[in-house]
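Contents: one structure, followed by commentary.
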2 protein chains.
Amino acid sequence: MSKDRNRVPPDARPRATMREVARSAAVSLGTVSRVINNKQSVRAEVRARVQAAMANLGYVPDAVAQSMRTQATRSVGCMVSDVSNQLFSRAVSAAEGVLHRSAYTMILTNSQDSKEREIEILSLFRRRRVDGVICSVSREDDPEIVGLLGGLGLPVVLLERTMDLGVDAVATDHRSGAYQAASYLLTLGHRRIGLITVSQDALPGRERARGFEKAHGERKVPVDPALMAFHGFSADYGYRTAYEFLTSRHPPTALIAGANQMVGALKAVRALKLSIPRDLSLISFGDTDVTELFSPPLTCVRWDPAATGQMAAEVLLSRLDGTARKGPLRMALPAELVLRQSCAPSPG
Amino acid sequence: MSKDRNRVPPDARPRATMREVARSAAVSLGTVSRVINNKQSVRAEVRARVQAAMANLGYVPDAVAQSMRTQATRSVGCMVSDVSNQLFSRAVSAAEGVLHRSAYTMILTNSQDSKEREIEILSLFRRRRVDGVICSVSREDDPEIVGLLGGLGLPVVLLERTMDLGVDAVATDHRSGAYQAASYLLTLGHRRIGLITVSQDALPGRERARGFEKAHGERKVPVDPALMAFHGFSADYGYRTAYEFLTSRHPPTALIAGANQMVGALKAVRALKLSIPRDLSLISFGDTDVTELFSPPLTCVRWDPAATGQMAAEVLLSRLDGTARKGPLRMALPAELVLRQSCAPSPG
DNA sequence: ATGAAAGCGCTAACAG
DNA sequence: CTGTTAGCGCTTTCAT
């Protein structure tokens, strides 16, 4: 009893139902439903009476009951590894905005890139009967995850991922970004360029490696695998890796790193008292406050995370309302190289 | 017809219901329900049979129907001004983690600090029958918002906000943070300190102003209202305000600014070619990559946004399961001053 | 320990 | 144009 006090204020009357509205307005259930859903013909006078009754009773439609009846929840499941990542929070925020405008609700989950959690979350989406899913899985080739996504039997839009599943995907053109960055450094004469980026199990890491290799290939500059690091997302990983690179026997003269990892790399640079760009040229994947405010300001590959989220939501909505074109969509958003002051010709 | 192809894969059988499980296991609906909910006594043999049938049919409980029946949705509405704000994304992420562990789902919404959207979102939460709400409203004293929150008739936890509504609140001790920052600068001999922070309509802005004033009061140093700016959250506002302060007739010798606004302030500092800390001492509210990596590293007031989110979720859960103590909880999390190299004795 | 039956609040035929 | 009715899939008495 007393426990309930804190859960429901004492003055909380049970919410009004359609039935009460109908009685109060002296009409039938069906008519109330028609008014709620702006359906067909209801005489203006009756409509007004019903609306008055609703206002009077403080009636609010029960979305649960509506979903129960219509089999649609107007909710979208969103799964990312962690919203506290700038990259994701901007995409998620933009996606939420788009969905909200179309009266869809977003269920947000963090997978922490754990397969176990991903499986659990996908099953959660299923239990909750979400109408669609926007997600960024940790590994694109995991058969269990692929199976679960496909088994959902509803529209799925991948964010910065792709899969051979006939599913829509929205991603940045990281290959082009990496290609531009590497080409620029090669043009400056650099021959040993370090690359610190994310796992090869997902599109951004793979595409960046491809673009990086392509730029080297075109100039017939060999890529040293020892200078490519793909095994961590964190600033801490960036620190350790950059430190190792820079203290190795054949250190790179330039470094390309993800914005997150760059934070760590910059600490390594500071710890080693290197001067940028004299001792080392630097390019960041992703433009952040840090890249802009560091001394010197960092040259970077810039793209728009919010645009990916917005696009993902729009693609999903187009599936949901059936206006999408037939096959799976694969959208690539551009990345550009922003020249600042962290790169110089190779000393060699 | 063909439109449906993209919505539901052709092989998507309608999902199995309890009824089919019951038939397949040759038991009644009630028994299946008992198995699903781990209820009371069901003979082990029967339980196994039912579980086998569920697995066999790929049965997944329908959360919508469960909510319909139990009147609980196990979902929590979360409203912040914008998740793409670091501050909020960390809190939201932590809150989601806690809720998820207790099998609650988070519905995420961005209000953009627009009253109109806030009203709409609160009514959305009501329609969706969320079991509880975590939110950070734009104005704590808006009677309409207060009324709506109270009228929800369910547990609400305010994030970095307070209200006279008998509602729980979790916030950082910004007053202490600002007090420490201002005291430190005053001790260094500064007599004109600029303060750039957020609106006085919400707790963080108000508390920071109080702490700032208290530090001055204790030392009988007058506060110049012209050096207090409360009207923007953005980096851009930080830039404009800092620029004005620093080019005014009586410029401050020190500046305290929110992390967001500090990004702009640093650009102003750069544009004016000021040397830190020689020409100006700087303290940031909030520790970010920028504060740490700027040259020189910035002294800052540090707190833990994730802890606020986690705490808010825990408080909400304790309400939801009735274990919370009677009155409204008001939790204050600590803020500490982190000394780095952006402050020096006042030249005066 | 299990079964039968009554709805939760709503929408969508179908009648009239 | 409006009323009646049959469930959506589940939980929960109440019997047995």
Side-chain angles (χ1 to χ4, degrees), chain A residues 8 13-51 53-54 57-75 103 123-124 126-131 153, chain B residues 8 13-51 53-54 57-75 103 126-131 153:
Chain A
V8 178
R13 292 169 309 173
R15 56 199 279 165
T17 69
M18 267 179 54
R19 178 160 262 103
E20 305 174 52
V21 173
R23 198 156 43 72
S24 163
V27 295
S28 74
L29 272 182
T31 299
V32 177
S33 176
R34 283 173 202 117
V35 171
I36 292 169
N37 299 296
N38 296 313
K39 281 277 179 61
Q40 347 175 35
S41 36
V42 177
R43 241 188 324 153
E45 185 222 325
V46 176
R47 178 180 300 271
R49 212 165 69 223
V50 172
Q51 280 163 337
M54 297 197 307
L57 293 169
Y59 170 79
V60 179
D62 183 327
V64 174
Q66 290 176 315
S67 296
M68 175 73 165
R69 187 52 231 245
T70 62
Q71 299 294 48
T73 56
R74 278 200 104 75
S75 70
S123 116
L124 169 80
R126 183 159 182 182
R127 278 212 315 282
R128 294 254 169 199
R129 298 198 86 124
V130 298
D131 294 344
Chain B
V8 180
R13 292 169 309 173
R15 58 199 277 166
T17 69
M18 266 179 53
R19 178 162 263 102
E20 305 174 51
V21 173
R23 198 156 43 71
S24 162
V27 294
S28 73
L29 273 182
T31 300
V32 177
S33 176
R34 282 171 204 119
V35 171
I36 292 170
N37 299 296
N38 296 314
K39 281 278 179 60
Q40 351 174 35
S41 36
V42 177
R43 243 188 323 155
E45 185 223 324
V46 176
R47 177 179 300 270
R49 213 165 68 222
V50 172
Q51 280 163 339
M54 298 198 307
L57 293 170
Y59 171 79
V60 179
D62 183 327
V64 174
Q66 289 176 315
S67 296
M68 175 73 165
R69 187 52 231 243
T70 62
Q71 298 294 46
T73 55
R74 277 201 105 75
S75 69
R126 182 157 183 184
R127 278 212 315 282
R128 295 252 168 199
R129 297 198 86 124
V130 299
D131 294 343

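Each chain gets a letter, A, B and so on, in the order its sequence line appears, and its residues count up from 1. Computed over heavy atoms, backbone and side chain alike; hydrogens, waters and symmetry mates excluded.
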Exercise. How many angstroms lie between atom CZ of A:R128 and atom OG1 of B:T73, to the nearest 0.5 angstrom?
Worked result: 6.5 Å
Exercise. Atom CD in B:E20, atom CZ in B:R15: separation rounded to 0.5 Å?
Worked result: 11.0 Å
For [X] and [N], what is the distance between atoms [atom1] and [atom2] respectively, to the nearest whole Å?
{"X": "B:M54", "N": "D:dC10", "atom1": "CE", "atom2": "C1'", "value": "14 Å"}
{"X": "B:Q71", "N": "D:dT12", "atom1": "CD", "atom2": "P", "value": "11 Å"}
{"X": "B:R129", "N": "C:dG9", "atom1": "CZ", "atom2": "P", "value": "7 Å"}
{"X": "A:I36", "N": "C:dC10", "atom1": "CD1", "atom2": "P", "value": "6 Å"}
{"X": "B:R69", "N": "C:dA5", "atom1": "CZ", "atom2": "C1'", "value": "11 Å"}
{"X": "B:M18", "N": "D:dT12", "atom1": "CE", "atom2": "P", "value": "11 Å"}

Nucleotide N/O to protein N/O under 3.5 Å, stretch nucleotides 13-15 of chain D:
none

Exercise. Shortest non-hydrogen contact from B:S24 to B:L57?
Worked result: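 Nearest pair, atom of B:S24 first, then B:L57: CB-CD1, 4.0 Å.
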Problem set entry | Set of residues satisfying side-chain contact (heavy atoms from CB on, under 4.5 Å) with respect to B:R19, sequence neighbours excluded |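 B:R19 satisfies side-chain contact (heavy atoms from CB on, under 4.5 Å) with B:T17, B:L29 only.
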For this session: Report yes if at least one side-chain N or O of A:R43 is closer than 4.0 Å to OP1 or OP2 of D:dT2; otherwise report no.
Result: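 It does, given that an N or O in the side chain of A:R43 lies less than 4.0 Å from OP1 or OP2 of D:dT2.
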Exercise. Would you say B:K39 reaches C:dT2's phosphate, i.e. side-chain N/O to OP1/OP2 under 4.0 Å?
Worked result: no
The side chain of [X] is closest to which nucleotide in this list: [options]?
{"X": "A:Q66", "options": "D:dC10, C:dA12, C:dT11", "answer": "C:dT11"}
{"X": "A:T31", "options": "D:dG3, C:dG9, D:dT12", "answer": "D:dG3"}
{"X": "B:T17", "options": "C:dC10, C:dA12, D:dG9", "answer": "D:dG9"}
{"X": "B:M68", "options": "C:dT11, C:dG9, D:dC10", "answer": "C:dG9"}

Exercise. With a 4.0 Å cut-off on heavy atoms, is A:V46 in touch with a base, just the backbone sugar-phosphate, or nothing at all?
Worked result: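 It contacts sugar-phosphate atoms only.
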Problem set entry | side-chain hydrogen bond (donor to acceptor under 3.5 Å, both in side chains) contacts in which one or both residues fall within residues 57-72 of chain A, not counting sequence neighbours | A:D62-B:R129
Problem set entry | Contact list for residues 34-48 of chain A, test salt bridge (charged side-chain N to carboxylate O under 4.0 Å, His left out), sequence neighbours left out | A:R43-A:E45, A:E45-A:R49
Problem set entry | side-chain hydrogen bond (donor to acceptor under 3.5 Å, both in side chains) against B:R23, all qualifying residues, sequence neighbours excluded |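 Partners of B:R23 by the side-chain hydrogen bond (donor to acceptor under 3.5 Å, both in side chains) criterion come out as none, since no residue qualifies.
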Exercise. Heavy atom of residues 19-29 of chain A under 4.0 Å from DNA chain C: which residues?
Worked result: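 Output list: empty, so none.
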